[in-house]
Amino acid sequence: MKKIGLLVSLLYISVLTTNAQVFNTGQTLKKGVLALGVQPAVHINGGVNGAIVYAHAGYGLTSGIDVSVKAGVGRLNTYYVGGDIEFALAKHMSVAFGGHKSGDYGIDGTFLFDIPIKNKAVIYAGADGDVNFGSKINNTGNEVGDTEILAWIPIGVEVEISKSIHFLVETNIGLTSDAYHIVGGGLMFYF
């Protein structure tokens with residue numbers, strides 16, 4: 001009963017403030033498995049300030065290590081391109097490190113864990129952070145570094161529709177002043 005209550009609470013939070021930046025559970029892909037996904041999302045109070053569509057691809061390198069790439073296109077010619085490598089820390093826990101470009105270049109890291117709900121769904125959460133390296137013109141007309149540190153709490157649910165098709169809904173709640181909220185969900189296909 002506690003698991004059902006937790007699932008309902010997390011689904012409610014996901015609908016209100018879903019952030020589809022991570023789009024991943026705390027598990028790595030098995031060796032040789034290819035994952036392809038599509039995820040429409042909305043950035044709130046920052047980012048692209050509106051709709052964006054992400055495409056995801058991942059591949060299991062070994063037992064416990066996978067790599068992934070992600071690309072997104074939003075309104076007003078905004079874009080996102082990134083990649084990471086993910087390492088399993090335990091059966092339902094992982095950490096990932098990578099880089100991205102979305103206007104500025106940046107590095108990112110993610111810690112995720114998941115809680116299985118029956119055998120067809122998992123709830124996942126963790127911590128996600130980016131450091132973006134940009135520049136701006138100061139009041140004397142000189143270009144100076146402008147580094148942003150963004151942090152989120154991702155919360156999501158992955159539901160198995162079939163063995164090769166899963167539905168994900170996810171939220172990243174912005175924690176720092178530069179971080180924005182993102183609401184999104186989509187399908188992931190496993191081959």
Side-chain angles (χ1 to χ4, degrees), residues 3 6-7 10-11 14 18-41 47 52-74 79-102 105-132 150-173 182-191:
K3 286 185 178 181
L6 180 62
L7 175 63
L10 290 175
L11 281 172
S14 295
T18 300
N19 180 341
Q21 204 171 20
V22 175
F23 204 62
N24 191 18
T25 67
Q27 300 177 49
T28 58
L29 294 171
K30 293 179 182 172
K31 181 180 180 179
V33 172
L34 173 66
L36 300 173
V38 62
Q39 170 208 11
I52 187 167
V53 176
Y54 292 103
H56 301 265
Y59 185 75
L61 294 177
T62 66
S63 177
I65 300 175
D66 68 34
V67 294
S68 66
V69 293
K70 177 182 352 184
V73 178
Y79 67 92
Y80 177 96
V81 212
D84 66 46
I85 185 164
E86 181 180 19
F87 302 93
L89 299 175
K91 185 174 181 180
H92 296 281
M93 191 179 304
S94 68
V95 63
F97 303 98
H100 61 270
K101 175 140 176 58
S102 180
Y105 288 97
I107 57 173
D108 45 79
T110 305
F111 166 77
L112 292 169
F113 66 92
D114 61 58
I115 303 166
I117 305 295
K118 300 276 184 181
N119 60 354
K120 298 286 185 185
V122 298
I123 297 171
Y124 60 94
D128 183 42
D130 291 358
V131 178
N132 293 331
L150 301 96
W152 294 271
I153 295 176
I155 301 170
V157 176
E158 179 182 47
V159 177
E160 180 181 318
I161 296 170
S162 73
K163 185 175 179 172
S164 60
I165 303 171
H166 293 202
F167 173 75
L168 285 84
V169 61
E170 185 180 308
T171 186
N172 276 0
I173 302 165
I182 305 172
V183 177
L187 295 174
M188 190 67 82
F189 302 90
Y190 296 94
F191 304 95

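Being a predicted model, the structure only gives us computed values, none of them experimental.
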What's the shortest heavy-atom distance between [X] and [Y], and which atoms?
X    : Y    : answer
T28  : G64  : OG1-CA, 3.4 Å
Y54  : A41  : CE1-CB, 4.1 Å
Y80  : S102 : CD1-CB, 3.8 Å
G186 : P40  : CA-CD, 4.5 Å
T25  : E86  : O-OE2, 3.7 Å
P154 : L112 : CG-CD2, 4.0 Å

>> I165: which residues meet the side-chain contact (heavy atoms from CB on, under 4.5 Å) condition with it, sequence neighbours left out?
In response: I161, S162, L187, F189
>> Test of understanding: with side-chain contact (heavy atoms from CB on, under 4.5 Å), list the residues that count as partners of Y105, not counting sequence neighbours.
In response: K101
> What residue pairs, at least two apart or across chains, pass salt bridge (charged side-chain N to carboxylate O under 4.0 Å, His left out) with a residue in residues 155-166?
Replying inline: K120-E160
> Is the shortest heavy-atom distance from the side chain of P116 to the side chain of H92 under 4.5 Å?
Replying inline: yes
> Is Y124 close to Q27 at the side-chain level, that is, under 4.5 Å between some pair of heavy atoms?
Replying inline: no
How long is the straight-line distance from [atom2] of [Y] back to [atom1] of [X], given to the nearest 0.5 Å?
X    : Y    : atom1 : atom2 : result
K70  : N24  : NZ    : CG    : 8.5 Å
I123 : F113 : CD1   : CZ    : 9.5 Å
S164 : L36  : OG    : CG    : 11.5 Å

>> Tell me whether D128 contacts the main-chain N or O of W152 through its side chain, where contact means a donor paired with an acceptor under 3.5 Å.
In response: no
> For L29, does its backbone N or O pair with a side-chain atom of D66 as donor and acceptor, under 3.5 Å?
Replying inline: yes
>> K31: which residues meet the side-chain hydrogen bond (donor to acceptor under 3.5 Å, both in side chains) condition with it, sequence neighbours left out?
In response: none
>> I'd like to check the side-chain hydrogen bond (donor to acceptor under 3.5 Å, both in side chains) partners of H100; sequence neighbours left out, ordered by chain and number.
In response: D108, N132
>> Set out, in order, the CA-CA distance, both residues' side-chain angles and the distance that settles side chain to side chain contact (heavy atoms under 4.5 Å, CB included) for V38 and V53, then state yes or no.
In response: CA-CA 7 Å; V38 62; V53 176; 4.1 Å; yes
>> If we check side-chain contact (heavy atoms from CB on, under 4.5 Å) with V95, which of these qualifies: I85, D84, L89?
In response: L89
> Residues two or more places apart in sequence or in another chain: which of them pass ring-ring contact (aromatic ring centres under 6.0 Å, His included) with Y190?
Replying inline: H166
